[in-house]
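What follows is a single structure, written as structure tokens, with notes after it.
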Amino acid sequence: MEITQEQTIGQLVAANYRTAAVFKKYNIDFCCNGNRTIAAAAIQNNTDFIQLEKELALALEVAGSDNIDYKSWSLDLLADYVEKKHHRYVKAQIPVIGEYLIKLCKVHGQKHPELFEINELFDDSATEFKNHMQKEELMLFPYIRKLALAKQEHKPAQPAPFGTVQNPIQMMMNEHLTEGERFRKISALSDNYVAPADGCNTYRVAFALLKEFEDDLHLHIHIENNILFPKAIELEAALNS
């Protein structure tokens with residue numbers, strides 16, 4: 001696959017998720033801001049495009065079964081995967097991480113006051129994400145599944161209660177931006193999830209879980225923003241044409 005300056009980050013990562021690691025290395029947002037061209041992102045991040053291109057090409061050369069071709073999946077399968085894998089993960093990890101952060105604030109908060117801000121940010125994210133996932137599970141994903149069924153049955157799309165699928169999708173993408181920015185703050189406050197020298201095992205475990213949570217969030221948002229949502233918009237338009 002040839003890499004060009006006009007390609008968007010989202011297109012490249014959607015084609016091969018291995019390239020996400022390269023963008024992450026250079027602190028280039030590939031999920032919430034995946035609509036930027038690679039060249040524009042390189043300029044904005046003061047990154048040498050030639051070096052970035054070389055590393056992306058190398059990532060594309062590495063073959064392996066761990067690169068899941070989400071683009072080839074049907075819309076209903078993608079919605080099921082996001083809901084059953086990523087939503088369940090978020091729901092399970094929120095109380096676990098929240099408990100760790102409360103403990104850290106009690107034990108280390110006086111010496112490391114940034115923990116209180118991290119805890120507050122994560123708590124806000126947890127509240128917002130619960131509402132976000134509920135809207136997807138009760139409103140957006142059921143309609144996306146109806147689009148997939150209409151395609152299988154060669155029927156037009158059913159009228160959407162929200163006008164067009166683009167309306168809830170835009171809402172979800174705006175909320176993704178908010179959560180992406182919130183976790184950038186958490187990452188900065190935690191020194192990229194590195195526990196301080198005086199940090200105990202609980203400190204290290206809490207930060208490791210936060211990093212894992214953010215990594216899952218990036219993949220979760222990438223699948224939706226760069227694959228599921230564009231395919232849903234395209235299919236709705238095709239069924240109504």
Side-chain angles (χ1 to χ4, degrees), residues 6-17 19-20 23 28-41 44 68-91 124-125 127-184 216-241:
E6 291 74 29
Q7 270 179 316
T8 67
I9 300 168
Q11 287 171 340
L12 187 58
V13 177
N16 193 313
Y17 192 69
T19 56
F23 289 120
I28 295 174
D29 182 3
F30 63 86
C31 54
C32 297
N33 290 305
N35 59 339
R36 294 177 296 167
T37 66
I38 299 172
Q44 291 168 8
I68 302 173
D69 184 15
Y70 297 108
K71 285 183 68 179
S72 68
W73 291 11
S74 63
L75 272 178
D76 51 343
L77 178 57
L78 281 167
D80 289 347
Y81 180 78
V82 168
E83 187 172 327
K84 290 180 170 61
K85 184 179 187 298
H86 295 288
H87 285 196
R88 286 181 181 178
Y89 171 84
V90 169
K91 291 172 185 176
D124 289 344
S125 182
T127 300
E128 292 302 319
F129 231 88
K130 285 175 185 176
N131 295 331
H132 175 91
M133 292 186 297
Q134 187 175 45
K135 283 182 282 189
E136 288 187 337
E137 293 173 11
L138 298 180
M139 178 180 65
L140 179 56
F141 288 0
Y143 181 70
I144 285 177
R145 293 185 182 102
K146 287 180 182 178
L147 289 177
L149 182 61
K151 179 183 178 182
Q152 292 174 11
E153 297 179 345
H154 305 287
K155 295 180 179 179
Q158 294 184 20
F162 33 72
T164 170
V165 75
Q166 294 186 53
N167 292 328
I169 281 176
Q170 188 58 57
M171 181 191 300
M172 297 302 103
M173 292 181 71
N174 289 341
E175 291 176 3
H176 288 168
L177 280 170
T178 299
E179 295 315 309
E181 179 58 32
R182 210 187 312 263
F183 265 86
R184 274 189 285 276
D216 181 85
L217 185 65
H218 285 169
L219 177 56
H220 177 174
I221 293 175
H222 159 66
I223 292 173
E224 290 189 346
N225 280 18
N226 298 325
I227 303 174
L228 176 61
F229 292 167
K231 288 181 73 167
I233 293 170
E234 181 181 358
L235 179 56
E236 184 187 56
L239 291 172
N240 289 330
S241 62

Side chains of [X] and [Y] in contact at under 4.5 Å (non-hydrogen atoms):
X: E136; Y: E83; value: no
X: V82; Y: Y70; value: no
X: R184; Y: D29; value: yes
X: Q152; Y: D76; value: yes
X: N35; Y: N226; value: no
X: K85; Y: D216; value: yes
X: F229; Y: L140; value: yes
X: I9; Y: N33; value: no

Quick one: closest heavy-atom pair of [X] and [Y], and the distance?
X: V13; Y: A20; answer: CG1-CB, 4.1 Å
X: T8; Y: G34; answer: CB-O, 3.6 Å
X: E179; Y: S125; answer: OE1-OG, 2.6 Å
X: A157; Y: L239; answer: N-CB, 3.7 Å
X: A150; Y: P156; answer: CB-O, 3.8 Å

Separation between [atom1] of [X] and [atom2] of [Y], rounded to the nearest 0.5 Å:
X: Q11; Y: E6; atom1: CD; atom2: CD; answer: 10.5 Å
X: R36; Y: Q44; atom1: CZ; atom2: CD; answer: 5.0 Å
X: F129; Y: Q134; atom1: CZ; atom2: CD; answer: 13.5 Å
X: I144; Y: L78; atom1: CD1; atom2: CG; answer: 9.0 Å

*asked:* Around atom NZ of K155, are there more than 12 heavy atoms from other residues, nucleotides or ligands closer than 6.0 Å?
replied: no
*asked:* I'd like to know whether CD of E137 has more than 12 heavy-atom contacts from other residues, nucleotides or ligands below 6.0 angstrom.
replied: yes
*Between E128 and R182, is there a salt bridge with N-O shorter than 4.0 Å?*
no
Can you tell me if [X] uses its side chain to pair, donor with acceptor, with the backbone of [Y] under 3.5 Å?
X: N167; Y: F162; value: yes
X: K231; Y: W73; value: yes
X: Q7; Y: L12; value: no

*Partners of E234 by salt bridge (charged side-chain N to carboxylate O under 4.0 Å, His left out), sequence neighbours excluded?*
none
*Identified ring pair (Phe, Tyr, Trp, His ring centres under 6.0 Å) partner of H86 from the options H218, H132, H220, H222*: H220
*Knowing that exactly one of D80, I227, L235, L149 qualifies, which makes a side chain to side chain contact (heavy atoms under 4.5 Å, CB included) with L75?*
L235
